[in-house]
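Convention: sequence-line order gives letters A, B, ...; per-chain numbering from 1. Treat the numbers as computed from the prediction; the structure is a model and nothing was measured.
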There are 2 protein chains.
Amino acid sequence: MAHPTTDTAVSREEARALIRDVLERIGDKWSVAVICQLGDTTRRFNELRRLSHPITQRMLSATLQGLERDGLVTRTVHDTKPPRVDYALTPRGLSLLDVVRNLAHWAEDNATAIMDSRTAFDRGRPPR
Amino acid sequence: MAHPTTDTAVSREEARALIRDVLERIGDKWSVAVICQLGDTTRRFNELRRLSHPITQRMLSATLQGLERDGLVTRTVHDTKPPRVDYALTPRGLSLLDVVRNLAHWAEDNATAIMDSRTAFDRGRPPR
DNA sequence: CAGCATCCAACCGGATACTG
DNA sequence: CAGTATCCGGTTGGATGCTG
């Protein structure tokens with residue numbers, strides 16, 4: 001405890017790094033959409049595909065693997081024929097869903113204001 | 001109102017599009033960090049630069065312009081010498097700060113669990 | 001101090017084709 | 001049905017150098 005200020009600064013930076021790591025998980029193009037679609041029900045692969053609409057197989061697969069890797073969704077394979085795989089949020093995923101819903105709420109509430117702000121800003125600065 | 005289901009589906013999709021537009025704003029690499037650093041105090045350019053640490057000038061500039069465009073921060077130029085520019089959150093930016101703080105909180109709370117989950121997952125699936 | 005301009009590498013993500 | 005493999009274009013963002 002010789003240099004508490006330094007300690008604090010370091011852990012602060014480390015905390016920021018962790019936060020960014022996590023934010024990059026949900027900051028990609030599809031994670032939030034998929035998490036919302038999962039909600040509190042379990043869904044199958046192509047079901048998610050339809051719901052998250054123009055998502056490609058590749059991206060859905062990658063997104064789900066990322067979420068599974070982080071312990072946010074579970075993947076259960078029923079080896080029937082045809083094969084069937086169910087995805088669902090884990091408790092941790094559900095807790096994230098709450099946060100994400102707040103975010104979505106805010107986005108919905110402020111979407112038009114933001115769009116207006118953008119066009120106003122762009123009118124003042126014509127591109128080139 | 002012949003096909004209310006269709007109507008709902010369409011507006012739902014539009015809503016999703018809007019939300020994604022907004023999420024992409026804060027989904028980039030630096031916006032959240034800058035918003036947190038602004039908090040409820042006004043800050044100068046290089047001050048933000050130091051606080052958001054390894055951010056480059058270019059990225060800070062771009063991030064701030066994006067946030068200003070969306071009406072989330074204000075930019076005030078004092079023409080003194082040397083020049084001085086202050087950035088601060090608008091009311092809308094402050095409301096976003098609340099949401100973002102929730103997110104950061106969640107990230108902090110779950111960071112270690114997520115890291116553990118990742119290493120466990122990766123142990124099960126060695127690369128290649 | 002507060003930026004803009006340019007260049008360029010890395011990565012993200014879409015399209016497409018194929019498999020168990 | 002539920003994916004994997006490959007290709008490849010656009011965007012993101014870092015490094016660097018210059019300006020008022």
Side-chain angles (χ1 to χ4, degrees), chain A residues 16-17 20-21 23-35 37-38 42-70 73-88 121-122 124-128, chain B residues 16-17 20-21 23-34 37-38 42-70 73-88 121 124-128:
Chain A
R16 288 236 153 270
R20 270 251 306 290
D21 258 15
L23 288 183
E24 271 163 29
R25 158 106 305 290
I26 69 158
D28 64 13
K29 193 167 180 182
W30 296 106
S31 290
V32 167
V34 169
I35 287 169
Q37 298 298 358
L38 278 175
T42 107
R43 299 204 184 272
R44 301 172 55 184
F45 189 84
N46 278 333
E47 193 179 0
L48 285 170
R49 195 151 151 49
R50 279 189 299 274
L51 291 170
S52 303
H53 190 201
I55 194 174
T56 61
Q57 283 185 332
R58 191 172 103 76
M59 279 302 105
L60 179 54
S61 183
T63 302
L64 286 169
Q65 281 181 35
L67 294 173
E68 189 194 359
R69 189 169 102 103
D70 285 1
V73 313
T74 56
R75 189 187 114 110
T76 37
V77 184
H78 312 263
D79 49 300
T80 59
K81 187 183 172 257
R84 172 199 180 107
V85 181
D86 285 338
Y87 292 92
F121 186 88
D122 293 345
R125 320 203 155 185
R128 192 138 334 251
Chain B
R16 288 236 153 271
R20 270 253 305 290
D21 259 15
L23 288 183
E24 271 163 29
R25 157 106 305 292
I26 68 157
D28 64 13
K29 192 165 180 182
W30 296 106
S31 290
V32 166
V34 169
Q37 297 298 359
L38 278 175
T42 106
R43 299 206 183 270
R44 301 171 56 182
F45 189 84
N46 278 332
E47 192 178 2
L48 285 171
R49 194 149 151 49
R50 278 188 300 275
L51 291 170
S52 304
H53 188 196
I55 194 174
T56 61
Q57 282 185 334
R58 189 172 105 76
M59 280 301 104
L60 179 55
S61 183
T63 301
L64 287 169
Q65 281 181 35
L67 294 173
E68 188 193 0
R69 188 169 103 104
D70 285 1
V73 312
T74 57
R75 189 187 113 110
T76 38
V77 183
H78 313 264
D79 48 303
T80 59
K81 188 186 171 252
R84 173 199 180 109
V85 181
D86 285 339
Y87 292 93
F121 185 89
R125 321 203 155 185
R128 190 149 330 256

Mapping B:Trp30 and A:Val85 onto DNA chain D by nearest heavy atom, which one lands closer to the 5' end?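 Per heavy-atom nearest nucleotide, the more 5' residue is A:Val85.
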What integer distance in Å separates [X]:[atom1] from [N]:[atom2]?
X	N	atom1	atom2	value
A:Leu60	C:dA15	CG	C1'	16 Å
A:Met59	D:dG10	CE	C1'	14 Å
A:Arg50	D:dC1	CZ	C1'	11 Å
A:Arg75	D:dC1	CZ	P	16 Å
A:Asp28	C:dG14	CG	P	10 Å
A:Leu64	D:dG3	CG	P	8 Å
A:Ile55	D:dA2	CD1	P	14 Å
A:Leu48	D:dA2	CG	P	9 Å

So which heavy atom on [X] is nearest to which on [Y], and how close?
X	Y	result
A:Ile26	A:Ser31	CA-CB, 3.9 Å
B:Gln37	B:Leu51	NE2-O, 3.2 Å
A:Ile55	A:Arg49	O-NH1, 2.6 Å
B:Gln65	A:Phe121	O-CZ, 4.3 Å
A:Phe45	A:Gln57	CZ-O, 3.9 Å

Does [X] place a side-chain N or O at less than 4.0 Å from the phosphate oxygens OP1/OP2 of [N]?
X	N	value
B:Ser61	C:dA2	no
B:Tyr87	C:dG3	yes
A:Lys29	C:dG14	yes
A:Arg58	C:dG13	no
A:Arg44	D:dC1	no

Between [options], spot the one nearest the side chain of [X], thanks.
X	options	answer
B:Asn46	C:dC1, D:dG3, D:dG13	C:dC1
B:Thr56	D:dG3, D:dA15, C:dG13	D:dA15
A:Gln57	D:dG3, C:dG14, C:dG3	D:dG3

Taking for each residue the nucleotide of DNA chain C bearing the nearest heavy atom, is the 5' side occupied by A:Pro83 or by B:Arg84? B:Arg84
Under 4.0 Å, heavy atoms only, any strand: does B:Gln65 hit a base, just the sugar-phosphate, or nothing?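 The answer is sugar-phosphate, as B:Gln65 gets under 4.0 Å only of primed atoms, P, OP1 or OP2.
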